[in-house]
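Worksheet: one structure, shown below.
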Amino acid sequence: MRKWLLWLGVALGLPALAQTGKLEIFSWWAGDEGPALEALIKLYKQKYPNVEVINATVTGGAGVNAKAVLKTRMLGGDPPDTFQVHAGQELIGTWVVADRMEDLSGLFRQEGWLTKFPKGLIDLLSYKGGVWSVPVNIHRSNVMWYIPENLKKWGVAPPKTWDEFLKTCQALKQKGLEAPLALGENWTQQHLWESVALGLLGAEGWNSLWSGKLKFNDPKAVQVWEVFGKVLECANKDAAGLSWQQAVDRVVQGQAAFNIMGDWAAGYMSTTLKLKPGEGFGWAPSPGTQGVFMMLSDSFGLPKGAKNRQNTINWLRLVGSLEGQDTFNPLKGSIAARLDSDPRKYNAYGQSAMKDWKMNRIVGSLVHGAVAPESFMSQFGTVMEIYLQGKNAKAAANAAQAIASQVGIGR
Ligand code: GAL
């Protein structure tokens with residue numbers, strides 16, 4: 001540590017310089033997913049040069065591995081100072097109900113955040129009078145990605161319904177494209193499923209699944225699995241072994257025409273692969289979901305017993321600040337959760353997402369923690385496996401309903 005800087009800070013009464021010690025930030029933003037978080041950490045270090053930041057990442061999209069490591073640490077009494085978690089039930093239904101988190105409503109009031117973030121988002125972060133994490137972004141789940149030049153070459157347009165998608169897929173197969181849809185490991189298949197479900201059930205139907213009004217084994221919901229099965233026939237057979245980035249790569253390299261993925265794919269293509277949004281890559285709402293924005297939000301919380309509490313609070317302040325959000329999100333492919341973000345800081349994709357966020361009907365993502373109890377979400381991977389093994393729509397739908405009843409959806 002640069003001691004003289006510390007003393008200078010103390011002498012001048014600069015609290016930021018006087019801040020020392022460590023800060024451990026836990027997330028799954030490793031490797032290709034890292035640049036946005038790294039930029040935010042750089043900003044933190046500029047403000048608090050005497051704090052040692054430990055960027056603790058566990059690789060694996062959607063937190064498939066990180067969540068398990070976090071669980072071990074939380075239960076073992078060794079929480080990181082702060083961790084990435086989705087706004088909504090993913091945090092509330094786990095560490096908040098278990099009384100492992102600090103209530104951040106005081107911080108929200110101090111920072112004026114109760115009016116800086118959309119009310120719906122504050123509601124998602126709230127439980128029993130507390131606000132439990134600070135949102136850094138808004139991501140969109142229901143996006144279909146493609147390369148405009150390749151679609152032109154193949155003579156197809158981005159399909160607007162799942163029916164159209166299946167026809168386009170046949171046309172592409174006839175042109176020799178073996179797997180028009182690029183798909184990755186289990187969670188990305190669940191991700192595809194939520195887009196198929198939203199496209200077929202509509203926003204109303206999707207919400208009814210979570211209120212319990214529409215049963216998972218209702219004929220309409222069974223049909224989602226049937227169409228999902230047909231969509232899978234358009235996908236590569238080695239999906240289970242591919243990360244989400246590798247699936248995107250297949251589209252970029254012209255081995256596939258489409259990928260359905262959240263808009264972290266825009267971050268990957270523009271920040272990592274340096275493709276220009278609108279030219280190097282294109283996007284559309286996933287089939288049948290025009291006018292609907294399936295949202296999720298990454299956030300950071302403060303676990304009880306965090307070793308470096310003050311450094312963490314300073315981190316959370318930065319995460320929720322305008323400067324922090326407009327540094328992180330243009331690189332990440334997401335948009336700011338704050339209402340006062342500057343669109344000029346974002347590329348063409350970000351600007352179009354901002355418009356849709358304002359104009360569209362908003363629903364929450366299952367796979368990324370917004371809408372379902374974590375107890376449902378964590379078992380949905382098994383439902384997917386059941387489907388993949390037997391390709392039996394009814395069996396999968398019944399399994400989903402059994403879990404829904406067990407965890408009390410609609411009760
Ligand atoms: C999501 C997360 C995104 C991105 C993605 C892929 O769950 O919200 O920020 O990291 O997983 O790993």
Side-chain angles (χ1 to χ4, degrees), residues 25-41 55-70 82-91 93-94 121 124-125 133-143 145 182-195 239 242-249 259-273 293-301 319 324-325 327-337 349-350 353 357 363-372 374 377-378 380-381:
I25 303 166
F26 183 92
S27 79
W28 60 84
W29 290 327
D32 284 339
E33 290 219 67
L37 177 64
E38 281 152 24
L40 197 55
I41 290 178
N55 183 5
T57 55
V58 176
T59 320
V64 280
N65 306 319
K67 284 192 211 168
V69 175
L70 179 70
T82 186
F83 57 86
Q84 173 193 1
V85 66
H86 290 121
Q89 285 304 315
E90 187 176 309
L91 178 64
T94 54
L121 182 59
L124 202 57
L125 302 162
S133 61
V134 180
V136 67
N137 66 6
I138 299 291
H139 263 308
R140 185 177 191 173
S141 163
N142 59 319
V143 195
W145 307 96
L183 191 62
E185 57 185 314
N186 186 307
W187 77 263
T188 75
Q189 301 168 17
Q190 297 173 47
H191 188 106
L192 171 65
W193 186 89
E194 72 179 10
S195 263
L242 299 190
S243 67
W244 69 264
Q245 291 97 328
Q246 287 171 317
V248 172
D249 288 344
N259 174 239
I260 309 278
M261 190 36 61
D263 49 14
W264 40 93
Y268 174 60
M269 286 188 277
S270 55
T271 306
T272 306
L273 304 183
F293 190 117
M294 183 180 267
M295 64 78 66
L296 59 116
S297 168
D298 293 300
S299 70
F300 286 88
V319 163
Q325 303 222 335
T327 298
F328 178 89
N329 290 302
L331 296 168
K332 185 67 169 66
S334 41
I335 56 175
Y349 173 75
W357 174 241
V363 299
S365 156
L366 155 68
V367 182
H368 306 281
V371 85
E374 178 64 16
M377 172 45 212
S378 58
F380 193 68

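Start at 1 and go down the list; that is how both ligands and their atoms are numbered.
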side-chain contact (heavy atoms from CB on, under 4.5 Å) with Ser141: of Leu366, Leu296, Asp263, only one passes, and it is Leu296
Taking the six-membered ring for Trp and the single ring otherwise, decide whether the centroids of His368 and Trp28 are under 6.0 Å apart.
no
Residues at least two apart in sequence or cross-chain that pass side chain to side chain contact (heavy atoms under 4.5 Å, CB included) with Asn55, listed by chain then number, are Leu37, Glu38, Ile41, Thr57
Query raised in the report: Aromatic rings Trp264 and Trp244: how do their planes relate, parallel, tilted or perpendicular, breaks at 30° and 60°?
Result: perpendicular
**Prompt:** Between the side chain of Glu194 and the main-chain N/O of His191, is any donor-acceptor distance below 3.5 Å?
**Reply:** no
Residue shell for ligand 1, any heavy atom closer than 4.0 Å, reads Trp28, Trp29, Glu33, Gly61, Ala62, His86, His139, Trp244, Trp264, Leu296, Asp298, Lys332, His368
Under the ring pair (Phe, Tyr, Trp, His ring centres under 6.0 Å) criterion, do Tyr268 and Trp145 qualify, and how do the steps go? CA-CA 12 Å; Tyr268 174 60; Trp145 307 96; over 10 Å; no
